Undergrad: 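Have a look at this one before I ask anything.
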Amino acid sequence: MYNPKSLKAEEFICHEEVEASLKYADEHKNDLAEINRVLEKAKQRKGLSHREALLLLDCDIPEKNAEIFALAEQIKKDFYGNRIVLFAPLYLSNYCVNGCVYCPYHAKNKHIPRKKLTQEEVAAEVIALQDMGHKRLAIESGEDPVNNPIEYILDCIKTIYSIKHKNGAIRRVNVNIAATTVENYRKLKEAGIGTYILFQETYHKESYEKLHPTGPKHDYAYHTEAMDRAMQGGIDDVGCGVLFGLEMYRYEFAALLMHAEHLEAVHGVGPHTISVPRIKHADDIDPSAFDNSIDDDIFAKIIACIRIAVPYTGMIISTRESKATRERVIHYGISQISGASRTSVGGYTEPERKDETAQFDVSDQRTLDEVVRWLMEIGYLPSFCTACYREGRTGDRFMSLCKNMQILNCCHPNAIMTLTEFLVDYASPKTKQIGFELIERELAKIPKDKVREIAAKHVEEIKNGTGNDFRF
Ligand code: SAM
């Protein structure tokens, strides 16, 4: 039976409830009165239930669809302004004991070279990332208790935070590793991680078990209940996601939002981020073998409807998507993107390795400088800020900042100052020129006089080399 407060996977992601929601949305997708009711509720910017959001996703009335996209864009502007936070993935190890059929790291793949970074190699990768201008990483690893135990992950985190090359520093390490125990989550929290990210892959239990035929990841309940254990271990920023293409997107969409409702009901805080990866070609993986792939139109609608359903949750899009796709969907609610990513182990220092051990093909191959310039050219303010996490504004404290629409007085000036650091230390002359002009315009947008003055003073100090890393 459906119970968002239950700690049992099959009760908070209840198959019958998903099926009933699919039926309701299908029956009402042309029902103007019902769609208008849900849209009116959405305009209050307090979110929607999974069932209501699914109705908007399914909505078949063209003028209402235009309204849905416009509302998503407006909600994004209201809560996040024009900031886009940048990060890069860092692959630590591709040793893996699981059998995920969509991932080239699956244990039966005998021809992919296996590689695990030593601490010296982690340091070299971090220096390469710092030299591009990155301040925020998401570490990635296969699941292998012998080769990649939690102690190895903790050592890597320590190494990453310890490297200070030139003006560089990694100030936030997010972690995307397999579901683990409360005790291990506590250790990750103590190591100072930002968000714990775990993609559900699919919420459909039967499909999940088929797609994960062997290894510890086969256990649907253990995987689905991981975010509860992470929160029990003290991690209050968790990042959810599904791998679109594995199952029917409508099912995944409803269940993903049910997961968000569950976290809110039990822990008082929903997911910090939601990611929207789609299956990509990789070593022995052919995406066309999965028959639930979604086209760009559906992809854009999913992003818009997630934005409307959970206005306070950040949304991430990776370099799995091309520049053109990212440019199309970013307006509908994306708040974080990766840039200049390598999905191979050691790929930042040994580019020749990059294809050999890659987890998936990267569609957006631009440098970080190019991505930053592009964001500014299409009206965004690239941000390298990590202040919330460092100031202890995680979980519900971050959410209240977002809910009170204080982002323009806090995150916005922080974005301006961190972009200034990037421009001074790492940008090409062309990016610098566009960037410094943008900084002036963005400073003028800060509503509170005092905040604007302080931010402007720090921008000047960063430019003349006397700045510290002051943040609001
Ligand atoms: N091994 C960990 C786990 O099981 O959660 C870490 C995750 S893995 C390094 C990162 C994510 O990449 C996976 O959760 C999966 O969704 C995604 N992924 C795997 N194969 C992929 C493919 N062929 N195309 C796109 N994304 C893929």
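Count residues from 1 along the sequence. Whatever order the structure lists ligands and atoms in, that order sets their numbers, starting from 1. In what follows, every heavy atom counts, from backbone to side chain, and hydrogens, waters and symmetry copies are set aside. Quantities reported herein were computed from a predicted structural model and do not represent experimental measurements.
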Undergrad: Would you mind telling me if ligand 1 is within reach of the side chain of Pro277, the backbone, both or neither, using heavy atoms under 4.0 Å?
TA: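 Looking at Pro277 and ligand 1, no heavy atom falls under 4.0 Å.
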Undergrad: Under 30°, 30 to 60°, or over 60°: which ring-plane class applies to His212 and His223, parallel, tilted or perpendicular?
TA: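 If you compare the ring of His212 with that of His223, the planes turn out parallel.
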Undergrad: Counting each atom of ligand 1 from 1 as listed, which ones have a heavy atom of Asn176 under 4.0 Å away?
TA: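 So the atoms of ligand 1 that pass are 6 (C), 7 (C), 10 (C).
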Undergrad: So, are Lys108 and Asp284 salt-bridged, with charged N and O less than 4.0 Å apart?
TA: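 Judged by the 4.0 Å cut-off on N to carboxylate O distance, Lys108 and Asp284 do not form a salt bridge.
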Undergrad: Should Glu201 be counted as touching ligand 1, given the test is an N or O pair under 3.5 Å?
TA: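 So ligand 1 has an N or O lying under 3.5 Å from an N or O of Glu201.
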Undergrad: Just distances here: any N/O of Lys280 and N/O of ligand 1 closer than 3.5 Å?
TA: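 Looking only at distances, the answer is yes, because the N/O contact criterion of under 3.5 Å is met.
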Undergrad: What atoms in ligand 1 come closer than 4.0 Å to a heavy atom of Leu198?
TA: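 Those atoms are 5 (O).
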Undergrad: Measure from the ring center of Tyr203 to the ring center of His259 and say whether it is less than 6.0 Å.
TA: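 They qualify: ring centres under 6.0 Å apart.
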Undergrad: State if Ser141 counts as touching ligand 1 under the rule of any non-hydrogen atom under 4.0 Å.
TA: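 Yes, that is the case, since the closest heavy atom of the residue is under 4.0 Å from the ligand.
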Undergrad: Go through ligand 1 atom by atom and flag the ones less than 4.0 Å from a non-hydrogen atom of Tyr102.
TA: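 Atoms satisfying the 4.0 Å criterion: 19 (C), 20 (N), 21 (C), 22 (C), 23 (N).
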Undergrad: Taking only heavy atoms of Ile279 into account, list the atoms of ligand 1 that are under 4.0 Å away from them.
TA: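 Atoms satisfying the 4.0 Å criterion: 24 (N), 25 (C).
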Undergrad: Specify side chain, backbone, both or neither for Tyr105, according to which of its non-hydrogen atoms lie closer than 4.0 Å to ligand 1.
TA: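 No part of Tyr105 is near ligand 1 at this cut-off.
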Undergrad: Before signing off on this row, confirm whether Arg320 and ligand 1 have an N or O atom pair separated by under 3.5 Å.
TA: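 N/O-N/O distance under 3.5 Å: yes.
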Undergrad: Purely on distance, is any nitrogen or oxygen of Tyr91 under 3.5 Å from one on ligand 1?
TA: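 N/O-N/O distance below 3.5 Å does not exist for this pair.
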Undergrad: In terms of atom number and element, which parts of ligand 1 are under 4.0 angstrom from non-hydrogen atoms of Lys217?
TA: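 Listed by number with element: 3 (C), 4 (O), 5 (O).
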Undergrad: Between Arg373 and Asp369, is there a side-chain N and carboxylate O pair less than 4.0 Å apart?
TA: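 Yes, charged N to carboxylate O under 4.0 Å.
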Undergrad: Between Lys205 and Glu209, is the closest basic N to carboxylate O distance under 4.0 Å?
TA: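 Salt bridge flag = yes for Lys205 with Glu209.
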Undergrad: May I ask you to identify, for Cys96, whether its side chain, its backbone, both or neither come under 4.0 Å of ligand 1 on a heavy-atom basis?
TA: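 Neither; nothing of Cys96 gets under 4.0 Å from ligand 1.
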Undergrad: If you have a sec, work out which protein heavy atom is nearest atom 18 (N) of ligand 1 and how many Å separate them, to one decimal?
TA: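 Minimum-distance protein heavy atom for atom 18 (N) of ligand 1 reads Gln359 NE2, 3.8 Å.
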Undergrad: Among Phe253, Tyr251, Tyr2, exactly one meets ring pair (Phe, Tyr, Trp, His ring centres under 6.0 Å) together with His50. Which residue is that?
TA: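 Between His50 and the candidates, ring pair (Phe, Tyr, Trp, His ring centres under 6.0 Å) is satisfied uniquely by Tyr2.
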Undergrad: Which residues pass the side-chain hydrogen bond (donor to acceptor under 3.5 Å, both in side chains) test with Gln119, not counting sequence neighbours?
TA: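 If we apply the side-chain hydrogen bond (donor to acceptor under 3.5 Å, both in side chains) test to Gln119, skipping adjacent residues, the hits are Thr159.
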Undergrad: Decide, yes or no, whether a salt bridge links Arg51 with Glu17 under the criterion of side-chain N to carboxylate O below 4.0 Å.
TA: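 Between Glu17 and Arg51 there is a salt bridge, with a charged N closer than 4.0 Å to a carboxylate O.
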Undergrad: Can you list the atoms of ligand 1 that are under 4.0 Å from a heavy atom of Arg278?
TA: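 The atoms of ligand 1 under 4.0 Å from a heavy atom of Arg278 are 25 (C).
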Undergrad: Determine, for Glu321 against Arg278, whether the closest basic-nitrogen to carboxylate-oxygen distance falls under 4.0 angstrom.
TA: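 Yes, this pair counts.
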Undergrad: Taking NZ, NE, NH1 and NH2 as the nitrogens, is one of them in Asp237 or Arg172 under 4.0 Å from a carboxylate oxygen of the other?
TA: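 Salt bridge flag = yes for Arg172 with Asp237.
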Undergrad: Taking 4.0 Å as the limit for heavy-atom contacts, which would you say applies to His281 with ligand 1: side chain only, backbone only, both, or neither?
TA: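 Neither part.
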